[in-house]
Number of protein chains: 2
Amino acid sequence: MNGEGLRDRKKRQTRAALSRAALTLAAERGLDHVTVEDISTAAGVSPRTFFNYFAGKEEAVAGPDPEVGPRVGRRVVEQPVGSTAVDAVKAALLAEVAEVPTDERDLWLLRMRVVQQHPVLLARLFAGGEEAERHLVAGIAERVGLDATDLYPMLLAAAAGAACRVAFTRWFDPDDPRPLATLLADALDLLSAGLANPPNT
Amino acid sequence: MNGEGLRDRKKRQTRAALSRAALTLAAERGLDHVTVEDISTAAGVSPRTFFNYFAGKEEAVAGPDPEVGPRVGRRVVEQPVGSTAVDAVKAALLAEVAEVPTDERDLWLLRMRVVQQHPVLLARLFAGGEEAERHLVAGIAERVGLDATDLYPMLLAAAAGAACRVAFTRWFDPDDPRPLATLLADALDLLSAGLANPPNT
DNA sequence: TGCAAACTTGCAGTGCGTGCACTTTTATTC
DNA sequence: GAATAAAAGTGCACGCACTGCAAGTTTGCA
């Protein structure tokens, strides 16, 4: 009847509660000192239910948002036809980071703390999340009219993911106050310049 | 007395035996259907000893060779002063892949099979292995006279790692018979060209 | 030969992750 | 609104990963 249904809304809530609980606890004690039981208790569900939503603690903390992959891929395709593939990726990623909702900002702050202690998770956030990268590869491939197994789409997507990872790393650095969009733009510009010369920064 | 000592040689042998056993079994049944007990039994040691060498199964099959990181970093620094940082990284990586000993080729073939089923491990092989990437960042930073926390060294190292990952992926593709060195060179060239235009390949 | 350091091993314990059967909640149909 | 189906939550049991700890065993050196 209604647009979404009570069931789907509850699922979303449970997932969000688990993810938020995992992030809060991990930011406090470190991920290794948080058990699945702790997380599910804090979220008000049984430990067994936790595994119905996430494959493990890592995924609850740094699990890729299943929506961002398709969205980025779509955005790459939808960029104006005049721009190159690199510019299309650049625009798509910058649009993505510009769109972080206000009610998720506190979650990102928690994520920053957790990821700082666990660099392995950084790769899963965007690039290493093969899921998202696959969508990006597909978008690029469609845009340039190549197969998704060709070198160019794979390399462009991987390099863009690497740029994201570096931008995130620097964003987490408390000594660098620049916003994420600026850092990401710098990284992508440097990339599309062929990493020619080290900037004076 | 002698150059290395019996103890060190035995440690090397045990480590190699464990790694080889893990790779062989994982290539046969898939990594998920191999227990640590299987691996250590095949290697002739106790399960407890396995954990004295590796933190887990993943590290045994895709664990980064602890020597490659420092070696690549050193090579980057040792390139002729005339060449740019990008060219230095390019040369260092190509020298690295060209130097794979013959007696390790069969291990790489096994690794190919295992990694094909577990894309997550691909990142650990070179790029994701933060260990190796840190050395690469340090080498680049020293070469260009920047700090290891600056954008340029981090991004160049990350992008080079991404190129390695893509080259490996394509190398694992049975439809592409080109050698690893060629694939890697293509990827790095495309990268240093700013990913400007999709090649006709 | 004897001592000290390093490597190996067994044991016990905690926690992860999964399959299965069962209960509870939500959606649909008559 | 009651019956039925579908989906989510839960408890239980099991195998395995991984970690200290306290032995035993091997190696290096005097």
Side-chain angles (χ1 to χ4, degrees), chain A residues 1-26 28-64 66 114 117-118 120-121 124, chain B residues 1-23 25-26 28-64 66 114 117-121 124:
Chain A
M1 184 64 65
N2 48 17
E4 191 179 27
L6 175 59
R7 185 173 270 162
D8 296 310
R9 186 164 63 245
K10 275 205 170 183
K11 271 186 72 173
R12 235 191 262 273
Q13 284 177 353
T14 306
R15 185 182 187 89
L18 282 170
S19 183
R20 176 177 295 270
L23 276 169
T24 308
L25 293 175
E28 288 175 359
R29 318 177 204 165
L31 188 57
D32 295 333
H33 298 80
V34 177
T35 70
V36 171
E37 190 177 357
D38 296 335
I39 299 171
S40 29
T41 300
V45 295
S46 83
R48 186 62 186 83
T49 299
F50 174 89
F51 290 106
N52 289 340
Y53 283 89
F54 301 101
K57 288 186 292 183
E58 294 192 359
E59 192 174 320
V61 170
V114 179
Q117 302 167 346
H118 273 263
V120 194
L121 300 179
R124 299 183 78 147
Chain B
M1 183 67 59
N2 50 17
E4 191 178 26
L6 176 58
R7 188 170 266 161
D8 295 312
R9 187 164 64 244
K10 275 202 170 184
K11 272 185 71 173
R12 236 189 259 274
Q13 284 177 352
T14 306
R15 185 182 187 88
L18 281 170
S19 183
R20 176 176 294 271
L23 276 169
L25 293 175
E28 288 174 359
R29 317 176 204 165
L31 188 57
D32 295 333
H33 299 80
V34 178
T35 70
V36 171
E37 189 178 357
D38 296 335
I39 300 171
S40 28
T41 300
V45 295
S46 85
R48 186 64 185 84
T49 298
F50 174 89
F51 290 105
N52 289 340
Y53 284 88
F54 301 101
K57 288 187 293 183
E58 295 193 358
E59 191 173 321
V61 304
V114 178
Q117 303 167 345
H118 274 262
V120 193
L121 300 179
R124 298 184 79 147

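Applying the side chain to side chain contact (heavy atoms under 4.5 Å, CB included) criterion to E28(A), with sequence neighbours excluded, gives T24(A), L25(A). Applying the side chain to side chain contact (heavy atoms under 4.5 Å, CB included) rule to T35(B) yields the partners E37(B), D38(B); only residues at least two apart in sequence or on another chain are considered. Here R15(A) pairs with nothing under the side-chain hydrogen bond (donor to acceptor under 3.5 Å, both in side chains) rule; sequence neighbours left out.
Rounded to whole Å, atom P of dC21(D) lies 14 Å from atom CG of N52(B). Per the geometry, CD belonging to Q13(A) stands 14 Å off C1' belonging to dA8(D), to the nearest Å. Spacing between atom NE2 of H33(A) and atom P of dT14(C) amounts to 16 Å, rounded to whole angstrom units. Between the CG atom of D38(A) and the P atom of dG15(C) there is a distance of 8 Å, given to the nearest Å. Atoms CZ (F50(A)) and P (dA8(D)) sit 17 Å apart, rounded to a whole Å. Separating the CD atom of E58(B) from the P atom of dG17(C) is a distance of 11 Å, rounded to the nearest angstrom. Spacing between atom CG of D8(A) and atom C1' of dT25(C) amounts to 14 Å, rounded to whole angstrom units.
When all heavy atoms of K57(B) and I39(B) are compared, the pair lying nearest together is CG-CD1, 4.2 Å. Between L18(B) and S40(B), the shortest heavy-atom contact is CD2-CA, 4.0 Å. Here the closest heavy-atom approach between residue A60(A) and residue S19(A) is recorded as O-OG, 3.1 Å.
Neither OP1 nor OP2 of dC7(C) sits under 4.0 Å from any side-chain N or O of Y53(B). Remark: K10(B) is not in phosphate contact with dT26(D), judged by side-chain N or O atoms under 4.0 Å from OP1 or OP2. For S46(B), a side-chain nitrogen or oxygen approaches OP1 or OP2 of dT9(C) to under 4.0 Å. One finds no side-chain N or O of T14(A) lying less than 4.0 angstrom from the OP1 or OP2 phosphate oxygen of dA8(D).
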Contact state string [nucleotides 12-17 of chain D, B base, S sugar-phosphate only, - no protein heavy atom under 4.0 Å]: B----S
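Counting only heavy atoms from C-beta outward, the side chains of Q117(A) and D32(A) never approach each other to under 4.5 Å.
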Can you tabulate the close N/O pairs, meaning under 3.5 Å, that link protein atoms to atoms of nucleotides 4-6 of chain C?
from, atom 1, to, atom 2, distance (Å)
dA6(C), O4', R7(B), NH1, 3.3

Could you list the donor-acceptor pairs under 3.5 angstrom formed between side-chain atoms of residues 42-55 of chain B and any protein atom two or more places apart in sequence or on another chain?
from, atom 1, to, atom 2, distance (Å)
S46(B), OG, R48(B), N, 3.3
S46(B), OG, T49(B), N, 3.2
S46(B), OG, T49(B), OG1, 3.2
R48(B), NH1, N52(B), OD1, 3.4

